[in-house]
Protein chains: 2
Amino acid sequence: MRLKKELSPSQKKIYDYLKERAQQGKTPPTVREIAAAVGSPGPSSVQYQLVSLEKKGFLKRSPLHSRSMEVIGLPPIARQAPIVGRVRAGLPNAAEEEIVGHFPIPDFFKEKDCFVLEVKGDSMTGAGIQAGDYVVVERRSEAANGELVVALIGEEATLKRLRKSGGKVALEAANPKYTDIEPEQLQILGKVVGLFRTL
Amino acid sequence: MRLKKELSPSQKKIYDYLKERAQQGKTPPTVREIAAAVGSPGPSSVQYQLVSLEKKGFLKRSPLHSRSMEVIGLPPIARQAPIVGRVRAGLPNAAEEEIVGHFPIPDFFKEKDCFVLEVKGDSMTGAGIQAGDYVVVERRSEAANGELVVALIGEEATLKRLRKSGGKVALEAANPKYTDIEPEQLQILGKVVGLFRTL
DNA sequence: GCTAGTATTGAACTAATGTTTACATTTGTC
DNA sequence: GACAAATGTAAACATTAGTTCAATACTAGC
C-alpha cells in the first residue's frame, strides 16, 4: 500500500490519528475530536476530508451514527486466551480457574476454545518443550494416540503424550528421567496446539 | 472476581454484552443499542443499570459523551507485529517491507520494535528452531556474541547465531549440515527474542 | 492573469444520544 | 397482606455530534 502518495498532508494526519486510536483499542473519535487533534478550528474541514478518505477507500463509515468510522486494512483484534495458574478439577468450561494473566493467540485458533499454561517441569524436553515455555491448549476431553495433552491426575495437571494401545491408556513423558503413568482415572483437559518461548 | 453473585440478571446481560463488544474490538454501544440488544423497550432502564454497574465498579464512563463506557478488568489489547515475507536491504525501519500478515505478541515486548518471520530452512534445528516456526525479532543493528540474530547477507535474510572472537565476526548455524559464514559485509536486522510454534 | 479543482473556515441545522423525571411493576421481607 | 427497595417503563429534555451550506482562500495548469 502506497498511502503517502495518494493522501494530502491533512488527510494523512487524520488517517494516522484514526489508525493510532484504533491500534490503541480506544473508541473512534468524534469529528470534533479529530479537529482538535489535527489543529482544525471547526468540524467542517475534517468532515470534508473524511468524505474524501472514504471515497478513496481508506475508511468505512455509516452516516448519522456517532463515532462510526473504521480504518480499512488494519489487522483484526487478536484474541487473548487466559493464562491459568492452576487448573482445577471439575468442569472444563468453568470460569473458576485461577487466571493469572492473558496471552494473545494467533488467528489459527480463532474458533477454538483455548487456554494457556506455563510449563513447569522438564518432563517434555524431548518433545522440544522446556520449562518456562507457554503452551496453548485447546479444551477437549478426548485425544488421539500420540497427541500431546494436558491431563488431570488427581489434583495435578500434567503435560504428557497420550498413548493408547488396546484398551490401555498411558501418559508418556518425553524425558527418560520419567516413567510412564497408567492412571486409573484419567481426565483430559485439552490438547496442546501451540508453543511460545522467550529467547 | 465473583461477578454473578453481585449482578442482577439484567445487569449481567448488559455487562456481558459490553464485554462481548469490547473483546470483538467494536465500538462501545449507545444506550439505545444496549436496550435493543437486551430487549429493553427504552433507554432509561439501561441508563439506570449502567449507573449501578458503575457504582459497583464494573464500568467506567464519562458523562455527556457518546459511547463512552469501558469495562473494567479486561485485558488490554494485544500488540501485533507485522509478519514480513521478505526482508529488504536498506533502512531497518522502512515501512516498505513485504508485510504478509500480522502476528499478536505478548506484553513482554511491549516497548520493543518487533517484526515476525516465518522460519524457512532447517539451519537452526540445533537451537530448537524448526521450519514453520514463527520467530519474533527485535529490530536492532547490533548484537552480542552468542545471540541469535537475523542478518542480511547480500539480498538474503538468514537466521544465525552471532560469534565474535577477536576482530572476527562469524554467523554460525546450529545444524552440522551447514558451515559457518564469515561475511565481508554484515548487516544485522534484529535479534530473535521469541518463538511460536504450532503443534 | 484566469480558471478549475481542492482545501479551509464559521455558522447554522438536524439527528442521535445521554440524562432526568415521574410513574408502574416486580421482588423481597416482615 | 403491607411495606420498602429495586427494577422496568414511558415520555420529555438537554447536550452532543454528524451534516450542510455559503463564503473564502489556496494551488496547479494554461
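Computed from heavy atoms alone, side chains included, the values below leave out hydrogens, waters and symmetry copies. Per chain, numbering begins at 1; letters A, B, ... match sequence-line order.
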>> Return the OG to CG distance between S45(A) and L50(A), rounded to the nearest 0.5 Å.
In response: 9.5 Å
>> What's the separation between atom CD1 in I129(A) and atom CZ in R197(B), rounded to the nearest 0.5 Å?
In response: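 With rounding to 0.5 Å, CD1 (I129(A)) is 8.5 Å from CZ (R197(B)).
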What is the distance, rounded to the nearest whole Å, between atom [atom1] of [X] and atom [atom2] of [N]?
| X | N | atom1 | atom2 | value |
| --- | --- | --- | --- | --- |
| R32(A) | dC13(C) | CZ | P | 14 Å |
| Y48(B) | dA24(C) | OH | C1' | 14 Å |
| L7(B) | dA6(D) | CG | P | 15 Å |
| I14(A) | dT6(C) | CD1 | C1' | 14 Å |
| Q11(A) | dG5(C) | CD | P | 17 Å |
| R61(B) | dT16(D) | CZ | C1' | 14 Å |
| M69(B) | dT17(C) | CE | P | 11 Å |
| L64(B) | dT20(C) | CG | C1' | 12 Å |

Please list each protein N or O that sits under 3.5 Å from an N or O in nucleotides 23-26 of chain D, with the distance.
none

> Between K56(A) and Q11(A), does any side-chain donor sit less than 3.5 Å from a side-chain acceptor?
Replying inline: yes
> Taking the side chain as C-beta and beyond, is there a heavy-atom pair between L59(B) and V71(B) under 4.5 Å?
Replying inline: yes
> Hey, is the main chain of I14(A) close enough, under 3.5 Å, to the side chain of Q49(A) for a donor-acceptor pair?
Replying inline: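 Pair absent, no side-chain N/O of Q49(A) close to backbone of I14(A).
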> Donor-acceptor pair, R21(B) side chain versus T27(B) backbone, under 3.5 Å?
Replying inline: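 Yes.
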> Should the pair Y15(B) and F58(B) be assigned to parallel (<30°), tilted (30 to 60°) or perpendicular (>60°) ring geometry?
Replying inline: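 Perpendicular.
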> Would you call the rings of F108(B) and F196(A) parallel, tilted or perpendicular if under 30° counts as parallel and over 60° as perpendicular?
Replying inline: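 Correct class here is tilted.
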Using only side-chain N and O atoms of [X], determine if any of them is under 4.0 Å from OP1 or OP2 of [N].
| X | N | result |
| --- | --- | --- |
| Q47(A) | dT19(D) | yes |
| H65(A) | dA17(D) | no |
| S40(A) | dT9(C) | yes |
| R67(B) | dG18(D) | no |

Touch check for [X], heavy atoms < 4.0 angstrom, all strands: base, sugar-phosphate only, or nothing?
| X | result |
| --- | --- |
| P43(A) | base |
| S10(B) | sugar-phosphate |
| S45(B) | base |

>> Looking at E142(A), I'd like to know if its CD atom is crowded, meaning that more than 12 non-hydrogen atoms belonging to other residues, nucleotides or ligands lie closer than 6.0 Å.
In response: no
> More than 12 foreign heavy atoms under 6.0 Å from CD of E111(B): is that the case here?
Replying inline: no
>> Closest-nucleotide mapping onto DNA chain D: is V46(B) or S44(A) further toward the 5' terminus? I mean the 5' end.
In response: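 That would be V46(B).
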>> When the axes are fitted on five pairs at both termini, how much does the helix from dG1(C)-dC30(D) to dC30(C)-dG1(D) curve, in 10° steps?
In response: 30°
> Which nucleotide in the list dT8(C), dG18(D), dG18(C) gets nearest to the side chain of T30(B)?
Replying inline: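 Of dT8(C), dG18(D), dG18(C), dG18(C) is nearest to the side chain of T30(B).
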> Between the base of dA17(D) and the side chain of S66(B), is there a donor-acceptor distance below 3.5 Å?
Replying inline: no
